[in-house]
Amino acid sequence: MTVLLFMGLLWSQADTTSVFPAAAVETAGKKKEVKKPVPAGAIYKVETEKKIVALTFDISWGEKAPGPILDILEQKGVKKATFFLSGPWTTTHPELAKRIKTMGYEIGNHGHKHDDFPKYPNEWIREQVTKSEQAILDTTGVKTNLIRTPNGAFDKRVVKQLNDMGYTVVQWHTDSRDWMRPGPDKIVERVVTKAVPGDIILMHASDSALQTIDALPRIIDGLKQKGYDFVSVSELLANANVSSRQE
């Protein structure tokens, strides 16, 4: 389960890396786009004094939760969030995937087979990520560069492999634990009380976490009352000091 894997990881000393957005530089009289570097390690939050957080939603199966969650975000005026989609879900639910894109939300990769990457060799990891990447590209037109591994499971080898593929590995600082179905009240309390500036907040839009539908409006209201604005993961990373770890 996600939380057990997360808690069971061996933490090493956190590395702080500066991440800069793409910038235009002059080369022989012409402007050339410089791609931002891929942060090493897995990203948990950013160090910032701004009261901004990134709401993130993993989707690997089901069709009952995504629509209502998108409705809530729209009704609450939350224009920025990041959804991590699995390849099979994207292929079997193209209209929902397209709706996420049409609404302007950021799309990341959540792998193909929902299994722990550290159990498999690099070749398998490359195959799984490429399959999901292609499914998302074919369905939404989005070429993903953010990934959240299935179950949040990774180690140093996995992170290096994903970084070498051009992916930023995104974890979380605040875990809603919505997949455990503790009740909407506990989900709300956990997120609203634990969120900090620069936070990446983990939630799910799979049908395993239907209580998220009831909790999300109050989470949004509670964070807004605390003065938080919502941004995508990429916006959170731009021009910020990133807290990353390599297991």
Side-chain angles (χ1 to χ4, degrees), residues 1-7 9 11 14 16-17 19 39 41-59 65-66 68-84 100 104-106 108 110 146 148-149 151-152 168-206 208-245:
M1 301 299 281
T2 302
V3 69
L4 294 178
L5 284 165
F6 176 66
M7 294 301 294
L9 294 172
W11 301 100
T16 301
T17 307
V19 181
I43 309 304
Y44 291 78
K45 64 187 289 291
V46 304
E47 301 301 326
T48 179
E49 294 181 358
K50 297 180 180 178
K51 300 197 78 172
I52 53 176
V53 295
L55 298 177
T56 68
F57 301 86
D58 294 356
I59 309 182
I69 285 173
L70 290 171
D71 291 342
I72 291 165
L73 293 173
E74 185 174 37
Q75 292 161 6
K76 291 292 184 179
V78 177
K79 300 183 181 298
K80 302 294 178 67
T82 302
F83 287 79
F84 292 92
I100 292 170
Y105 298 121
E106 184 171 51
H110 197 40
L146 301 176
R148 176 170 286 149
T149 57
N151 298 318
T168 298
V169 181
V170 181
Q171 287 288 94
W172 57 87
H173 176 265
T174 294
D175 184 354
S176 69
R177 297 185 181 176
D178 53 357
W179 61 271
M180 297 179 71
R181 304 176 187 177
D185 291 345
K186 290 187 177 180
I187 295 171
V188 173
E189 180 183 7
R190 182 170 180 82
V191 174
V192 175
T193 59
K194 290 184 176 296
V196 298
D199 211 329
I200 296 173
I201 299 170
L202 171 66
M203 289 183 283
H204 295 79
S206 292
S208 57
L210 293 177
Q211 291 177 351
T212 306
I213 297 170
D214 293 326
L216 184 57
R218 286 184 284 158
I219 288 172
I220 293 170
D221 289 344
L223 292 174
K224 282 183 175 179
Q225 288 171 6
K226 287 192 167 187
Y228 284 101
D229 290 322
F230 303 102
V231 298
S232 67
V233 168
S234 290
E235 289 172 324
L236 198 65
L237 298 181
N239 281 326
N241 288 324
V242 178
S243 293
S244 65
R245 298 187 180 98

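Sequential numbering from 1 along the given sequence is applied to the chain's residues. Quick caveat: nothing in here was measured; it's all calculated off a predicted structure.
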Tell me, do [X] and [Y] make a side-chain contact under 4.5 Å, heavy atoms counted?
X: L216; Y: F57; result: yes
X: V53; Y: K226; result: no
X: I220; Y: L73; result: yes
X: F230; Y: K224; result: yes

Drop me the distance from [X]'s [atom1] to [Y]'s [atom2], to the nearest 0.5 angstrom.
X: D58; Y: T149; atom1: CG; atom2: OG1; answer: 9.0 Å
X: R190; Y: I201; atom1: CZ; atom2: CD1; answer: 11.5 Å
X: T212; Y: I219; atom1: OG1; atom2: CD1; answer: 7.0 Å
X: I43; Y: L146; atom1: CD1; atom2: CG; answer: 10.0 Å
X: M203; Y: D175; atom1: CE; atom2: CG; answer: 10.5 Å
X: I187; Y: D214; atom1: CD1; atom2: CG; answer: 8.5 Å

Notebook entry, point to check: Are any side-chain N or O atoms of D199 and backbone N or O atoms of V196, one a donor and one an acceptor, separated by less than 3.5 Å?
Noted result: yes
Kindly give the heavy-atom pair with the smallest separation between [X] and [Y], and that separation in Å.
X: A205; Y: A65; value: O-CB, 3.4 Å
X: S208; Y: R181; value: O-NE, 3.0 Å
X: K194; Y: H173; value: O-CE1, 4.2 Å
X: K51; Y: P197; value: CA-CB, 4.4 Å
X: Y105; Y: V78; value: OH-O, 2.6 Å
X: R148; Y: V170; value: NE-O, 3.2 Å

Next item on the list: Output yes when D185 and R218 qualify as a salt bridge under the 4.0 Å nitrogen-oxygen rule, no when they do not.
Entry: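 R218 and D185: salt-bridged.
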Margin query: Using a strict threshold of under 4.0 Å (side-chain N to carboxylate O), is an ion pair present between K76 and E74?
Written below: no
Item checked: Residue list, ring-ring contact (aromatic ring centres under 6.0 Å, His included) with F84, at least two apart or on another chain ->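 For F84, no residue satisfies ring-ring contact (aromatic ring centres under 6.0 Å, His included) once neighbours in sequence are set aside.
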Notebook entry, point to check: Any chance NZ of K186 has more than 12 other-residue heavy atoms, nucleotides or ligands included, within less than 6.0 Å?
Noted result: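 No, the 6.0 Å shell around NZ holds no more than 12 heavy atoms from other groups.
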